[in-house]
Protein chains: 2
Amino acid sequence: MQRHREDPLAAVTLRQLRYFSVLSKSLQYRNAARQLGISQPSLSLQINALEEALGTRLAERRRSGLILTPEGREVAAQAEKILQDVEKLQRISGPSENSLTGTLRLGSSPTIGPYLLPRVLRQLHTAYPDLKLVIRDGTPRDMIEDLLAGKHDLVLTQLPIARDDICHKFLFREPLHLAVPREHALAGRDHVKKTDLAGENLISLNSSYMLSRQVSELCAASGARLRDDFEGTSLDALRQMVSLGMGMTLLPALYAGSEVKPGEGDVAITQMKPGLYRQAGLAWRQSSGTPASFLKLAEFIRGVVANEFAGKVYL
Amino acid sequence: MQRHREDPLAAVTLRQLRYFSVLSKSLQYRNAARQLGISQPSLSLQINALEEALGTRLAERRRSGLILTPEGREVAAQAEKILQDVEKLQRISGPSENSLTGTLRLGSSPTIGPYLLPRVLRQLHTAYPDLKLVIRDGTPRDMIEDLLAGKHDLVLTQLPIARDDICHKFLFREPLHLAVPREHALAGRDHVKKTDLAGENLISLNSSYMLSRQVSELCAASGARLRDDFEGTSLDALRQMVSLGMGMTLLPALYAGSEVKPGEGDVAITQMKPGLYRQAGLAWRQSSGTPASFLKLAEFIRGVVANEFAGKVYL
DNA sequence: AAAGAAAGATAGGTTTTTCCTATGCAGCGA
DNA sequence: TCGCTGCATAGGAAAAACCTATCTTTCTTT
């Protein structure tokens with residue numbers, strides 16, 4: 001009994017497929033070899049190797065033209081497909097010179113993303129239809145961790161980031177406004193100074209969020225009291241706590257602008273004077289290098305912000 | 001300005017893709033190298049070569065686990081697809097041990113195929129759904145030519161074939177019956193001897209068909225006259241010429257059985273005594289070797305013939 | 001029918017690629 | 001801070017691929 005199974009030692013090679021592809025079109029060794037820029041014996045050997053690797057004869061060699069076997073025809077077709085896929089492979093990195101393509105995994109802070117990304121995504125999809133963004137929310141602290149663990153390519157978060165293994169690009173500066181219960185004395189004020197807050201209760205997000213630190217600092221600077229018995233887990237929760245009279249807090253301008261109607265509801269928004277701000281940025285691992293796509297995305301976001309939120313935030 | 005384009009000299013290799021595929025799952029060089037049965041430096045070099053070939057960094061190397069870049073993820077996915085397609089490639093020849101698959105190009109004689117193939121194809125499709133037959137008709141003479149030119153893999157034709165560059169497998173022996181005009185004196189006879197034909201007119205297909213030679217021989221042996229002023233181009237044409245009283249002819253049993261109703265029409269079918277026969281067979285190029293699939297197909301056809309045409313033809 | 005031409009196969013030796021062992025270098029944990 | 005882990009680098013050996021030259025067979029030509 002002769003063995004029908006091919007030797008598992010010999011593996012198919014792309015070179016073999018490339019050669020066979022040309023041969024299957026030219027149907028002539030010498031011709032195909034010339035096209036390939038190699039000698040006829042080299043081609044011959046590679047085709048033999050392919051036949052051995054596949055365990056099948058692919059062509060009948062005859063003086064006048066060669067004839068593909070039925071298997072040879074199928075192999076040729078499949079090889080064509082494979083070679084095309086390999087070309088696609090080489091194009092993955094290539095012509096992204098002018099466009100963003102592929103999939104980026106973006107971590108997004110719940111205090112920024114929900115009020116910024118919807119508009120960004122809409123325009124992004126129009127401008128770069130081949131770009132896919134996978135967005136996952138998380139607290140800034142978790143996101144930095146996940147970024148370093150490789151779960152994100154980028155994170156949209158608040159600056160500053162004081163780590164030397166993380167790069168970032170500044171996106172915009174966003175005012176923080178004071179949110180007070182509507183019945184509170186400060187509710188009607190045109191603006192509020194820090195000293196106005198002495199003795200007041202301030203509430204904030206939990207310490208995973210950078211906003212919490214800014215509230216703490218405001219307390220320290222103004223003599224307000226930080227209520228550490230309640231911690232909001234979202235800006236919405238914070239707003240509701242304010243509306244229930246549990247204290248006042250700082251809310252980012254984008255959130256306040258989209259979720260709190262002036263003159264309506266139980267919460268009033270008041271400007272601080274001098275202004276308080278937070279910065280938003282796009283961050284990535286130092287070890288990612290600084291891919292053009294990251295910078296491009298950052299610029300795009302800045303462009304959207306400039307158009308959509310002009311006057312509310314500052315570039 | 002640094003060059004962004006990759007060196008066209010370095011081509012992607014399947015080996016690189018295989019290695020990268022494992023690496024992208026293991027996310028660890030040492031581990032992946034061990035899985036692959038190679039040393040870690042070898043893996044390292046191959047991955048570097050792949051990155052160079054693609055002109056992109058595929059992964060961030062870090063001490064604790066490595067992180068694929070966005071391009072790396074896409075390359076990994078595409079590589080996976082390619083590797084699967086390569087496996088498919090290797091399966092083209094492989095497990096056809098028990099089944100016929102792929103596409104066979106079958107040339108078919110118009111005097112045999114139309115009366116045999118319909119039933120064969122139906123059963124064939126049931127038994128081997130993955131087998132595709134591309135069938136083209138042609139005169140036996142043309143078909144032999146096309147077979148040698150590589151336009152067919154197999155031909156279904158009449159035997160004998162007296163060429164040493166063509167192999168064949170006998171399929172069945174088919175009686176040739178005499179077709180006479182209904183008003184002819186021989187029409188009512190139970191059987192006819194050669195000597196009964198002396199002086200009669202015989203008509204036949206053109207000389208591309210082997211049937212024509214058998215008619216000629218019959219003329220020579222019986223003293224009948226071969227009308228060479230008319231040549232049928234199909235069995236149907238032949239039958240009609242008979243019905244018009246232009247002469248008599250030989251018709252294969254399968255054709256006569258399916259196209260000429262006994263006791264109806266203007267043509268009567270009569271047995272010859274002693275019988276005349278022709279042989280049908282499946283033929284292929286000597287240089288094709290003798291693929292198992294060819295023999296298998298031949299056996300299958302014989303099986304169908306045995307079931308469907310028992311008593312009409314002989315195995 | 002015999003000589004010539006053409007096409008693929010084979011052989012021998014060289015160049016290129018791949019691989020392995022050994023070693024270097026940088027984070028990470030104790 | 002020391003050692004451990006993990007990838008990168010270097011150098012030499014093994015394997016693969018290639019080329020030139022030659023052979024064999026077949027198809028063509030005379």
Side-chain angles (χ1 to χ4, degrees), chain A residues 7 9-20 22-24 26-53 57-69 72 145 148-150 163-166 285-287 289, chain B residues 7 9-20 22-24 26-53 57-69 72 145 148-150 163-166 285-287 289:
Chain A
D7 236 324
L9 301 178
V12 177
T13 301
L14 269 188
R15 170 181 274 129
Q16 293 164 2
L17 298 185
R18 284 190 252 263
Y19 288 5
F20 184 62
V22 171
L23 178 63
S24 71
S26 142
L27 292 180
Q28 199 173 254
Y29 273 73
R30 294 193 114 83
N31 200 340
R34 188 157 37 74
Q35 258 182 270
L36 287 164
I38 61 174
S39 69
Q40 168 265 316
S42 297
L43 176 59
S44 202
L45 291 179
Q46 288 297 322
I47 300 300
N48 287 349
L50 178 59
E51 285 186 333
E52 179 146 354
R57 202 164 46 124
L58 298 173
E60 302 171 21
R61 280 80 158 166
R62 307 192 319 172
R63 316 311 136 190
S64 61
L66 95 188
I67 300 176
L68 295 187
T69 63
E145 196 177 307
L148 288 173
R163 302 192 56 140
D164 59 356
D165 51 359
I166 290 187
R285 287 182 299 280
Q286 168 96 49
S287 60
Chain B
D7 234 323
L9 301 178
V12 177
T13 301
L14 269 187
R15 170 181 275 129
Q16 292 164 4
L17 298 185
R18 283 190 253 264
Y19 287 6
F20 183 61
V22 171
L23 178 63
S24 71
S26 142
L27 292 181
Q28 201 171 229
Y29 274 73
R30 294 192 108 83
N31 200 340
R34 189 157 36 75
Q35 260 183 268
L36 286 164
I38 61 173
S39 70
Q40 168 265 316
S42 297
L43 175 59
S44 202
L45 290 179
Q46 289 296 324
I47 300 300
N48 287 348
L50 179 59
E51 286 186 332
E52 180 146 352
R57 201 164 46 127
L58 298 173
E60 301 172 21
R61 280 79 159 168
R62 306 193 318 174
R63 317 310 135 191
S64 60
L66 98 186
I67 300 176
L68 296 188
T69 64
E145 195 177 308
L148 287 172
R163 301 191 58 139
D164 60 355
D165 52 358
I166 290 187
R285 287 182 299 281
Q286 168 95 50
S287 61

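Quick note: numbers below take in every heavy atom, side chains included, and nothing from hydrogens, waters or symmetry partners. Every chain is numbered from 1 and lettered A, B, ... according to where its sequence line falls, protein lines coming before strand lines. As the structure is a computational prediction, the values presented were derived from the model and not from experiment.
- Between Y19(A) and the phosphate of dC18(D), there is a side-chain N or O to OP1/OP2 separation shorter than 4.0 Å.
- Close to dA8(D), at under 4.0 Å from its OP1 or OP2, lies a side-chain N or O of R61(B).
- Backbone-only engagement by Q46(B) is indicated by non-hydrogen atom pairs under 4.0 Å involving sugar-phosphate atoms exclusively.
- Mapping S42(B) and P41(A) onto DNA chain C by nearest heavy atom places P41(A) at the nucleotide closer to the 5' end.
- Rounded to whole Å, atom C1' of dT9(D) lies 8 Å from atom CG of L45(B).
- Looking at L58(B) and L68(B), their side chains never come closer than 4.5 Å, going by heavy atoms from C-beta outward.
- Checking side-chain atoms of E60(B) against main-chain N and O of I67(B) turns up no donor-acceptor pair under 3.5 Å.
- Considering only side-chain N and O atoms, Q28(B) lies under 4.0 angstrom from the phosphate OP1 or OP2 of dG6(D).
- Side chain of R30(A) to backbone of Q28(A): no donor-acceptor contact under 3.5 angstrom is found.
- Between the CD atom of E51(B) and the P atom of dC7(D) there is a distance of 13 Å, given to the nearest Å.
- dG24(C) atom C1' lies 17 Å from atom OH of Y29(B), rounded to whole Å.
- Between the side chain of Q40(A) and the base of dA7(C), no donor-acceptor pair of N or O atoms lies under 3.5 Å.
- Contact check, S39(B) against dC19(C): no side-chain N or O comes under 4.0 Å of OP1 or OP2.
- Once rounded to the nearest 0.5 Å, the distance linking OH of Y19(B) with CG of L45(B) reads 10.5 Å.
- Put simply, CG on L148(A) is 14 Å from C1' on dG27(C), counting in whole angstrom units.
- The shortest distance between side-chain heavy atoms of L23(A) and L66(A) falls below 4.5 Å.
- When the side-chain nitrogen and oxygen atoms of S44(A) are compared with OP1 and OP2 of dG8(C), none of them lie within a distance under 4.0 Å.
- Per the geometry, CG belonging to N48(B) stands 7 Å off P belonging to dT9(D), to the nearest Å.
- Rounded to whole Å, the distance from CZ on R34(B) to P on dG6(D) is 10 Å.
- Within the 4.0 Å cut-off from OP1 or OP2 of dC19(C), at least one side-chain nitrogen or oxygen of R15(B) is found.
- Between R30(B) and dT5(D), a side-chain N or O to OP1/OP2 separation shorter than 4.0 Å is absent.
- In this structure, CG of N31(A) is placed 13 Å from C1' of dA6(C), rounded to the nearest angstrom.
- Between R62(A) atom CZ and dA6(C) atom P there is a gap of 19 Å when expressed in whole angstrom units.
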